[in-house]
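Each remark here refers to the structure printed beneath this line.
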Amino acid sequence: MSKEGVPQNDQQATEDIQEQVLNRINKLEDLSEQGKNPFWETTAKQTHHSQEIIDNLAELEGQKVSVAGRIMAKRGMGKVSFVDLADRQGRIQIFTKIDALEDSDYKDWQNLDIGDIVEVEGTIFTTQRGEVSVRNQGYRLLSKCLRPLPEKFHGLTDTDTRYRKRYLDLIVNPEIKEVFEKRSKIISTIRHELEKLDFIEVETPLLNQIAGGAAARPFITHHNTLDLDLFLRISPELYLKRLIVGGFERVYEIGRNFRNEGMSTKHNPEFTMLELYQAYTDYHGMMEISEHLISTACLAVNDTLKIVYDELEIDLTPPFARMSMIEAIKKFTSVDFDQIDTDEEALAVAKENGLLEQAAGMVRGEIINLFFEELCEDKLVQPTFIYDYPIEVSPLAKKKKSDQRLTERFEIFINGSEYGNAYSELNDPRDQAERFQDQLEKRKEGDEEASLPDQDFVEALEYAMPPTGGLGIGIDRLVMLLTNSTTIRDVLLFPTMKPLGGQSPENGASEGE
RNA sequence: GAUCCACUAGCUCAGUCGGUAGAGCACUUGACUUUUAAUCAAGGGGUCCGGAGUUCGAUCCUCCGGUGGAUCACCA
């Protein structure tokens, strides 16, 4: 990569080269002059990894191995020296004796720096202090570390730097790898379970002409050749349902959604969702799949269904509790919306419960949702399906036959937060068209998050979509729950960060508002 | 977007009731043939987040700005 075209920030351009960097550059240049430039190395022999050697000491003791990794600590003792070498599994000590190497090689070995990447060949033995070690009988420097690593004992603690320079965080705080290994395991477990249930994984467009399927403000981008503004998707929902119309019957997608909204410990502008759709079932079927996926993923990474999250004990053993939204409100507030039929009565009870301000201008269904969100949600610690949502807040869910003011929809609550959202999917094209129309009215009234009508989606429904259950689960939040992480940035390798210096990098992006 | 807190050496932190700074690790040099936060001796290293104000003098006080964290608001 050439320097031209790479945006260089001022800090980098004017940064004085520190002493420690200069030392390392000088060492590299000395090596290069001797024809030992490590950057010409292309491969290395790695017969064993660190933990594997420690775990199999009995059979490996005295055996010759070749290990490769990064030098994390050096302890010189004059004519012997000790180095801690880190690889993907952990660390192994390298013991080097002056007479085991050529004179110049031993000198070069002593000159290695913390952070350098080496290959070492030697036999396994245990030191007097009981440390499993590789007796250095030959090594190669594979890559030179030109900057000093953060401190060996305290590591890197500044969260800002850890998120911005995740590679450094991973080097000096390798225990965080566990979270990302678990993340990978959670996702692969879900894939595996869905495959067993005969779902197929599909990919639908991230670039949308209409960002539908959720209530959110989208990111806008532009296609040059088509001279067309496009939106990054806020949900794959409407595409996946088109595939159900097309006859796939069971589809799912695990992918990124983008929502142009505030950031918090629970929100990143891009986040990963699982969405799945299954023909010929309803939201009850989705409850079963939800419990199954969440509990199976939990078992896969924690070997138990009783986990601790943020000091709370949570039991993910299926079946999860089931409670209708109106029941939940009755339980936590003693207000029974089954006995309340008009908007006026609903407003009156909102006033009695201190929700007058938020309830202003709302209709009964919206007030029910408000009651739930304000007075019930945070009390749901153990996993609970809250079902039967008011139609006003559920533009894509099928009406409940027995009470058409409600929809067959549920959300999964754990520790007061939402982890999933599911419906018996609305498949009546005329009803869907009306719901889009209602959303359009809300939008005209200034609700920027209200859905835009998607005429092609309605047309798809006109070709008949079978009765279908659909489910969305926020993967990042699930990973947070299952790894006891209280901030979403801890489960994202590269969370979205503001640029330093208060200026946008010169990346050619257009000036936004 | 609002409020509170933080920002000092590469890293982790102390400190200056306002007189331009210290420790440990890391680094350099030396000693040391089984150490493991190795040890011992000596040395180098700082735009005290940026800008402005007050002051004889600001890293410290005040204001503005930056970045992060926590809480709240919106959302998944």
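Quick note on labels: first sequence line is chain A, next is B, and so on, each numbered from 1. Just the heavy atoms: all of them, side chains too, but no hydrogens, waters or symmetry mates, feed the values below.
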Span that lies between the P atom of B:rA58 and that of B:rG53, in whole angstrom: 11 Å
Using whole Å, report how far CH2 of A:W109 lies from P of B:rU33. 19 Å
Give the dot-bracket string for RNA chain B, reading 5' to 3', where a pair is Watson-Crick or G-U wobble with both distances under 3.5 Å, ( ) marks pairs inside the strand, [ ] marks pairs crossing earlier ones, | marks a partner on another strand, and . marks unpaired. (((((((..((((.....[..)))).(((((.......))))).....(((((..]....))))))))))))....
Which residues share a side-chain hydrogen bond (donor to acceptor under 3.5 Å, both in side chains) with A:D105, sequence neighbours left out: none
By ring-ring contact (aromatic ring centres under 6.0 Å, His included) - contacts of A:Y139 (at least two apart): A:W109
A:R183 with A:D476: basic N within carboxylate O range, under 4.0 Å: yes
Could you work out, with ring-ring contact (aromatic ring centres under 6.0 Å, His included) as the rule, every residue matching A:F125, not counting sequence neighbours? A:F95
Determine the Euclidean distance between corresponding C1' atoms of B:rU20 and B:rG65; express it in Å to zero decimal places. 23 Å
Sequence-distant partners of A:H49, side-chain hydrogen bond (donor to acceptor under 3.5 Å, both in side chains), two or more places apart: A:Q46
Check each residue of residues 94-108 of chain A for a non-hydrogen atom within less than 4.0 Å of any atom in RNA chain B, then write out the ones that pass by number, or none. A:F95, A:K97, A:D99
For a quick test of your reading: what N or O donor-acceptor pairs under 3.5 Å do the side chains of residues 376-386 of chain A make, sequence neighbours left out?
from   : atom 1 : to     : atom 2 : distance (Å)
A:K379 : NZ     : A:L375 : O      : 2.8
A:Q382 : OE1    : A:D315 : N      : 2.8
A:Q382 : NE2    : A:E313 : O      : 2.8
A:T384 : OG1    : A:Q382 : O      : 2.8

Quick one: which protein N/O atoms are closer than 3.5 Å to N/O atoms of nucleotides 4-6 of chain B? Pair and distance per line, please.
none

Can you tell me whether the base of B:rU33 sits syn or anti, using the 90° cut around 0 to define syn? anti
Establish, with yes or no, whether the OP1 or OP2 oxygen of B:rU34 is under 4.0 angstrom from a side-chain nitrogen or oxygen of A:R129. no
Distance between the C1' atoms of B:rU33 and B:rA21, in whole angstroms? 41 Å
Using a strict threshold of under 4.0 Å (side-chain N to carboxylate O), is an ion pair present between A:D113 and A:K144? yes
Is the A:F320-A:F410 ring centre distance short of 6.0 angstrom? no
Do A:E19 side-chain and B:rU28 base share a donor-acceptor contact under 3.5 Å? no
Establish, with yes or no, whether the OP1 or OP2 oxygen of B:rA37 is under 4.0 angstrom from a side-chain nitrogen or oxygen of A:R75. no
Between B:rC63 and B:rU3, how far apart are the two P atoms, rounded to whole Å? 13 Å
Check side-chain hydrogen bond (donor to acceptor under 3.5 Å, both in side chains) between A:E119 and all other residues, then give those that pass, not counting sequence neighbours. A:R140
RNA chain B contacts made by residues 154-163 of chain A, counting heavy atoms under 4.0 Å: A:H154, A:G155, A:L156, A:T157, A:D158, A:T159, A:D160, A:Y163
Could I get the full list of side-chain hydrogen bond (donor to acceptor under 3.5 Å, both in side chains) partners for A:T496, not counting sequence neighbours? A:N268
Would you measure the distance from the C1' atom in B:rU12 across to the matching atom in B:rC7 and give it in whole Å? 14 Å
In residues 23-34 of chain A, which residues come under 4.0 Å of RNA chain B by heavy atom? A:N23, A:K27
Pairwise P distance for B:rG66 and B:rU47, with rounding to whole Å: 23 Å
